[in-house]
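Structure first, then comments.
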Amino acid sequence: YYYDNCELSAEGNYNDAGAKTGIWKYYFSSGRLKGVEDYATNEVTNYNQDGSKSEHFFLKDDNIHGKVEIFYPCGQLSEVVEFKDGKRHG
């Protein structure tokens with residue numbers, strides 16, 4: 001997939017059933033890495049425009065589930081929040 005400016009927006013593979021599989025990478029229109037989603041482990045890591053990590057979490061049934069790590073723009077951990085079935089918990 002590509003943006004109108006011809007920069008790559010996403011890359012990854014599909015299985016025979018047409019579902020995303022393996023590791024998918026998503027990019028900002030600038031070409032910098034925006035996020036990585038591992039469909040084998042349901043792990044998601046998102047990044048800021050400058051390349052620093054912005055958040056890290058896991059999915060369960062396409063919903064955020066478990067601990068969500070949120071980072072300051074400098075890369076330091078800001079907070080950890082708990083999610084259950086896509087909703088903030090606790």
Side-chain angles (χ1 to χ4, degrees):
Y1 300 99
Y2 291 87
Y3 288 105
D4 290 339
N5 66 357
C6 297
E7 286 288 344
L8 188 64
S9 67
E11 63 180 335
N13 294 306
Y14 292 95
N15 63 20
D16 292 338
K20 291 179 179 179
T21 185
I23 295 175
W24 273 73
K25 294 181 180 180
Y26 301 91
Y27 300 91
F28 290 106
S29 61
S30 64
R32 297 198 71 138
L33 186 63
K34 182 178 186 178
V36 176
E37 189 167 352
D38 185 336
Y39 282 83
T41 63
N42 293 316
E43 183 177 7
V44 178
T45 304
N46 291 320
Y47 299 92
N48 295 309
Q49 284 271 11
D50 67 2
S52 62
K53 190 185 297 187
S54 63
E55 54 189 9
H56 176 259
F57 56 88
F58 288 86
L59 299 174
K60 179 181 176 185
D61 300 324
D62 293 326
N63 290 307
I64 298 173
H65 191 83
K67 291 181 182 176
V68 176
E69 298 173 323
I70 301 169
F71 297 86
Y72 290 111
C74 66
Q76 292 289 331
L77 184 63
S78 168
E79 64 179 313
V80 177
V81 294
E82 191 75 25
F83 273 71
K84 185 174 181 182
D85 300 322
K87 297 181 179 150
R88 193 169 180 159
H89 182 73

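Bear in mind the structure is a predicted one, so any value in this text is a computation, not a measurement.
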With sequence neighbours left out, what residues match Asp62 under side-chain contact (heavy atoms from CB on, under 4.5 Å)?
none

Mind checking whether Leu59 and Ile70 sit in one hydrophobic cluster, side chains of I, L, V, M, F, W, Y counted as touching below 4.5 Å?
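Linked, Leu59 and Ile70 end up in one cluster.
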
Identify the two heavy atoms, one from [X] and one from [Y], that lie closest to each other, and give their separation to 0.1 Å.
X     : Y     : result
Leu33 : Tyr47 : O-CB, 3.6 Å
Ser30 : Gln49 : OG-OE1, 3.4 Å
Ser52 : Pro73 : OG-O, 2.8 Å

Side-chain polar contacts of residues 77-90 - donor-acceptor pairs under 3.5 angstrom, sequence neighbours left out - could you list them?
none

Among Ile, Leu, Val, Met, Phe, Trp and Tyr joined by side-chain contacts under 4.5 Å, find the other residues sharing a cluster with Tyr3 and list them by chain and number.
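Once heavy-atom contacts under 4.5 Å are chained together, Tyr3 still belongs with nothing else.
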
Measuring from atom [atom1] of [X] to atom [atom2] of [Y], what distance do you get when rounded to the nearest 0.5 angstrom?
X     : Y     : atom1 : atom2 : answer
Lys34 : Tyr26 : NZ    : OH    : 10.5 Å
Asp50 : Phe28 : CG    : CZ    : 9.0 Å
Asn42 : Ile64 : CG    : CD1   : 12.0 Å

Partners meeting side chain to side chain donor-acceptor pair (under 3.5 Å) with Lys25 (sequence neighbours left out)
none

CG of Asp61: more than 12 outside heavy atoms within 6.0 angstrom?
no

Using a 3.5 Å distance criterion without hydrogens, assess whether the side chain of Ser54 forms a donor-acceptor pair with backbone atoms of Asn46.
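Yes: the side chain of Ser54 pairs with the backbone of Asn46.
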
Without placing hydrogens or testing angles, list every side-chain donor-acceptor pair under 3.5 Å for residues 8-15, not counting sequence neighbours.
residue : atom : partner : partner atom : Å
Ser9    : OG   : Tyr1    : O            : 3.2
Glu11   : OE2  : Tyr27   : OH           : 2.4
Tyr14   : OH   : Tyr1    : OH           : 2.5
Asn15   : OD1  : Ala17   : N            : 2.9
Asn15   : OD1  : Gly18   : N            : 3.1
Asn15   : OD1  : Ala19   : N            : 2.9

Show me the pairs that pass ring-ring contact (aromatic ring centres under 6.0 Å, His included) and involve residues 57-76, at least two apart or across chains.
His56-Phe58

